[in-house]
2 protein chains.
Amino acid sequence: MIKSNRTEQTIQQIKVSVDCIIFGFNDNKLELLLIKKKDEPEKGKWSLIGGFVGFDEDLDEAANRILSDLSGLQDIYMEQIKTFGKVNRCSFDRVISSTYSAMILKSSYTEDQIEKYNAQWFPITEVPELIFDHNDMVDIAIKRMRRRVRNFPIAFNLLPSKFTLPQLQALYEGILDETLDKRNFRRKVSQMNYLVKLEEKDMTESRRGAFLYRFDEAWYKKEKHFNL
Amino acid sequence: MIKSNRTEQTIQQIKVSVDCIIFGFNDNKLELLLIKKKDEPEKGKWSLIGGFVGFDEDLDEAANRILSDLSGLQDIYMEQIKTFGKVNRCSFDRVISSTYSAMILKSSYTEDQIEKYNAQWFPITEVPELIFDHNDMVDIAIKRMRRRVRNFPIAFNLLPSKFTLPQLQALYEGILDETLDKRNFRRKVSQMNYLVKLEEKDMTESRRGAFLYRFDEAWYKKEKHFNL
DNA sequence: ACAAAAGTGTTAACCGTACACCCATGA
DNA sequence: TCATGGGTGTACGGTTAACACTTTTGT
């Protein structure tokens, strides 16, 4: 990083924000958390969860603080996706924005919070028109997430800590928006030793019941191989 | 992007910069373009090619302007890698920096320019200590580039427009820092129809001569499949 | 007994990898 | 003729993809 010969004044006017793309899972579909803007600019329109970065906070920290401020969600691990920096991306100000994305267990975000924060879940096939370039952000985040979800165990946050294989498969089918072969899917799962079959069954979905599984994170960290 | 309740004052003090990670290829090895800082802060130390983003330029444009200003290299297609935003990443100022990376034909950057801009190529195995978090930036860029180079035809800029297969293979071996099987490599190449074998031979490297090939970009865009 | 979801194996195609010799040429 | 780098094919193992029936249990 080198100082250019542009004046400090010019430089200072760029603002830095973060926008959070939060995925949840419901009814076998992927959903996206959006909020309705209460203030200008763009009051009343739908938006990602975003805000300005504080002078004294890391970019990553800012993402978490903003998510927590505007949704009540805390300690969510988010990954940086991309930084958007077109001059006119935001109508009234010069703002560059780094996007961060996470997947969460939808039930960790209560109806109370939804009302309190003026938020709403949207199926990703029905994302409304968003402010600025937020629709582009969402598109990129979805693509990236679909790529990563097959190679990293990032989707287990979208399920309870004990889950059945039909649930897991439905999750993957919902995320990827394609059907998967049940036997091939289960074979792959059975190769991942850190997906631990429990004694218990979940009896709510069928008469026969389906065995519950658990994702053993510590174990995964030793194997570091994931493929679905 | 939503306004937080932090004051505008606080917000304005964050500066936005871009750092460029430029790879070149020489003597079968990957090299990295660095410049020696002429001014404070960190005068005399090695640094990536970086600078502040202008108020009136897109982030992508800024990357190109800065690269051009500080190295003389023009119209290079760069990809955004990641944005670094730790509070203390830069010793004296609050600066967040987006990194961009490109691979260029080293001979397009003349000795004249190198002297003029106080720049120098370093083998990537011998990158010196850089200012701030620039070494981290380089590490991430190299990893990402090695991943991408196998799936996208981004390395052809490092070769003349006509090249031989031994050249191409040496390029890949140099970039990846591993040896590749000649027959497997050539089989893959022969499956990519947009790598067009010419009638001509290059006679400079051997008595027998090696056939020249050409990368047909338009053709590639139809097939969109690359794997080496 | 039947409906509804859970669970289970085999085969064929494909892809990645390992491996060794002949060819063309100029000196 | 020999030294040098260019060029070629095959066999094995692992991975993916396609495919249909049996099991359990509550009603």
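First the proteins, then the strands, lettered A, B, ... as listed; each starts at 1.
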- Task: Look at the aromatic rings of Phe156(A) and Phe215(A) and report parallel, tilted or perpendicular, splitting at 30° and 60°.
- Result: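 Rings of Phe156(A) and Phe215(A): parallel, under 30°.
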- Could Asp112(B) and Lys116(B) be called an ion pair, given the rule that one side-chain N must be under 4.0 Å from one carboxylate O? no
Starting at [atom1] of [X] and ending at [atom2] of [N], how long is that distance when rounded to a whole Å?
X: His225(B); N: dC14(C); atom1: NE2; atom2: P; value: 14 Å
X: Met203(B); N: dG7(D); atom1: CE; atom2: P; value: 10 Å
X: Leu180(A); N: dA6(C); atom1: CG; atom2: P; value: 15 Å
X: Lys188(A); N: dG9(C); atom1: NZ; atom2: P; value: 19 Å
X: Phe163(A); N: dA6(C); atom1: CZ; atom2: P; value: 15 Å
X: Lys182(A); N: dG9(C); atom1: NZ; atom2: C1'; value: 13 Å
X: Arg186(B); N: dC21(C); atom1: CZ; atom2: C1'; value: 15 Å
X: Phe185(B); N: dC19(C); atom1: CZ; atom2: C1'; value: 18 Å

Quick check for you: to the nearest 0.5 Å, what is the distance between [X] atom [atom1] and [Y] atom [atom2]?
X: Thr110(B); Y: Glu115(B); atom1: OG1; atom2: CD; result: 9.5 Å
X: Phe84(B); Y: Ser17(B); atom1: CZ; atom2: OG; result: 11.0 Å
X: Leu59(A); Y: Gln80(A); atom1: CG; atom2: CD; result: 6.0 Å

- Message: Quick check: on DNA chain D, is the nucleotide nearest Lys201(A) upstream (toward 5') of the one nearest Arg183(A), or the reverse? Name the residue that is more 5'.
- Response: Arg183(A)
- Message: Using heavy-atom distances to pick each residue's nearest nucleotide on DNA chain D, tell me which of Asp181(B) and Gln167(B) is more 5'.
- Response: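 Its nearest nucleotide lies further toward 5', so the answer is Gln167(B).
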- Message: So, OP1 or OP2 of dT16(D): does either fall under 4.0 Å of a side-chain N or O from Asn227(A)?
- Response: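 For dT16(D), OP1/OP2 do have a side-chain N/O of Asn227(A) under 4.0 Å.
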Can you say whether a donor on the side chain of [X] sits under 3.5 Å from an acceptor on the base of [N], or the other way round?
X: Arg208(A); N: dA6(C); answer: yes
X: Arg187(B); N: dT17(C); answer: yes
X: Arg207(A); N: dT23(D); answer: no

- Query: Nearest of dG6(D), dA6(C), dA17(D) to any side-chain atom of Asn184(A)?
  - Reply: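 So the nucleotide nearest the side chain must be dA17(D).
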